[in-house]
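Along the sequence shown, residues are numbered consecutively beginning with 1.
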Amino acid sequence: MSKGSETRNRIIVKAAPLFNRKGFAGCSMQDIVEAVGLEKGSLYGHFPTKEALAVAAFEYAWRETSGARITKMDTVTNAVEKLKIHVSNLVSVPQFSGGCPLLNTIVDNDDGNPALKKAARDALKGWQLFLQNIVKEGQGRKEIRSDVEPEAVAALIISLFEGAMALDRLDRKSEFLKKAGKHIDLYLDTVVRRP
């Protein structure tokens, strides 16, 4: 990796938690300069705009988050078990610094930055397709009932967990995320195709 690529990656790694915690408007380029230890001109040498850096930082944060959420899913072949591992990861794997990058970016850019909104929309679509494909593969192997809608399973998992994460940020004592995980586990038992 070239020195320029290393510096670019270091900027992204340092900027991602800042953008994730403070949001696009709340994170200044001066915050990033201080975190990275470079001059502002050096930042702009790697990223032409704050928006370009914010998008790269979101994409990095989402890759890290997604990678943690799929840990150990490849250790099983059964679709329902894969989904249960994913659910377990959603509940137990520590969040990216500042919380879920998808949730934070959606909330922060609801009426804001179009490039970040698009990046969040693309991340959401990728997560939906990932879950839908697991369900479809399970149906193809006769592990999941044929009347189960893959889109509905993905929507339920994503909606419940993103909502639970938001509520846990407000009131950790209520453990919304753990309760959501238990509920989804019970739900996944109902989609299993019985002989």
Side-chain angles (χ1 to χ4, degrees), residues 8-9 11-29 31-32 43-44 46-71 73 79 82-83 85-91 93-139 148-170 176-177 180-181 183-184 187-188:
R8 186 177 197 283
N9 287 341
I11 293 167
I12 292 169
V13 168
K14 296 283 188 178
L18 293 173
F19 279 116
N20 198 42
R21 281 194 307 270
K22 295 182 172 195
F24 180 73
C27 183
S28 71
M29 289 303 273
D31 293 333
I32 297 164
L43 289 180
Y44 286 112
H46 292 279
F47 299 94
T49 63
K50 178 182 171 184
E51 177 182 83
L53 175 54
V55 169
F58 168 77
E59 289 170 347
Y60 165 78
W62 184 243
R63 272 193 312 276
E64 292 292 305
T65 299
S66 297
R69 291 177 176 180
I70 64 169
T71 301
M73 287 180 69
K82 279 183 186 288
L83 292 170
I85 290 171
H86 187 61
V87 166
S88 175
N89 289 340
L90 284 163
V91 172
V93 173
Q95 292 290 321
F96 190 82
S97 178
C100 177
L102 180 60
L103 176 64
N104 291 348
T105 303
I106 289 169
V107 171
D108 186 46
N109 295 287
D110 183 37
D111 293 323
N113 187 289
L116 283 167
K117 192 171 185 176
K118 181 188 179 314
R121 188 178 293 120
D122 291 346
L124 175 61
K125 183 151 183 83
W127 191 10
Q128 288 172 308
L129 290 173
F130 173 73
L131 295 173
Q132 289 170 20
N133 286 336
I134 292 171
V135 174
K136 288 176 186 175
E137 289 168 9
Q139 287 172 322
V148 171
E149 296 176 20
E151 296 81 9
V153 174
L156 178 66
I157 291 171
I158 293 169
S159 300
L160 192 57
F161 277 105
E162 289 299 313
M165 283 182 230
L167 294 172
D168 263 356
R169 285 172 64 176
L170 185 62
F176 290 99
L177 201 54
H183 179 77
I184 291 293
Y187 165 74
L188 289 173

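Using modelled atom types, no side-chain atom of N109 and backbone atom of K117 make a donor-acceptor pair closer than 3.5 Å. No donor-acceptor distance shorter than 3.5 angstrom exists from the side chain of S66 to the backbone of R63, with no hydrogens or angles considered. Side chain of Q139 to backbone of V148: a donor-acceptor contact under 3.5 angstrom is found. For K22 (side chain) and S28 (main-chain N/O), no donor-acceptor pair under 3.5 Å exists by modelled atom type. No donor-acceptor distance shorter than 3.5 angstrom exists from the side chain of N104 to the backbone of G23, with no hydrogens or angles considered.
Closest non-hydrogen pair, P150 versus Q132, comes out as O-CG, 3.6 Å. Here the shortest heavy-atom pairing between F58 and P101 reads CE1-O, 3.5 Å. Contact detail for I85 and T71: the closest heavy-atom pair is CG2-O, 3.5 Å. Minimum interatomic distance between A154 and L131 (heavy atoms only, all atoms of both residues): CB-CB, 3.8 Å. Across all non-hydrogen atoms, the minimal contact from K50 to C27 is NZ-O, 2.7 Å. The shortest non-hydrogen separation linking S97 to N20 is O-ND2, 2.9 Å.
A 6.0 Å sphere centred on CD of E149 holds no more than 12 heavy atoms belonging to other residues, nucleotides or ligands.
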Quick one: do L83 and V135 satisfy side-chain contact (heavy atoms from CB on, under 4.5 Å)? Show the steps, please.
-> CA-CA 8 Å; L83 292 170; V135 174; 4.0 Å; yes
In sequence, state the C-alpha distance, the side-chain angles, and the governing distance for I32 and F19, and then conclude on side-chain contact (heavy atoms from CB on, under 4.5 Å).
-> CA-CA 9 Å; I32 297 164; F19 279 116; 3.5 Å; yes
Chi angles and distances behind the side-chain contact (heavy atoms from CB on, under 4.5 Å) call for L90, I157 | CA-CA 10 Å; L90 284 163; I157 291 171; 4.2 Å; yes
Would you please test M29 and L53 for side-chain contact (heavy atoms from CB on, under 4.5 Å) and show each step?
-> CA-CA 10 Å; M29 289 303 273; L53 175 54; 4.2 Å; yes
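Separation of atoms CG (L156) and CD (E151) is listed at 13.5 Å; rounding is to 0.5 Å. Here the straight-line distance linking atom NE2 of H183 with atom CG of L188 works out to 9.5 Å at 0.5 Å rounding. Separation of atoms CG (L177) and CD (E162) is listed at 9.5 Å; rounding is to 0.5 Å. Rounding to the nearest 0.5 angstrom, the gap separating the CD1 atom in I158 from the CG atom in L124 is 5.5 Å. Between the OG1 atom in T65 and the CD1 atom in I70 there is a gap of 11.5 Å [rounded to 0.5 Å]. Taking CZ of R169 as the reference point, atom CG of L167 lies at 11.0 Å (rounded to 0.5 Å).
By the 4.5 Å heavy-atom criterion applied to side chains, I134 and M73 are counted as neighbours.
Aromatic ring pairs are classed by plane angle as parallel below 30°, tilted from 30° to 60° and perpendicular above 60°; the pair W127 and H86 is perpendicular.
Side-chain contact check for D108 and T105: no donor-acceptor pair (N or O, by modelled atom type) lies under 3.5 Å.
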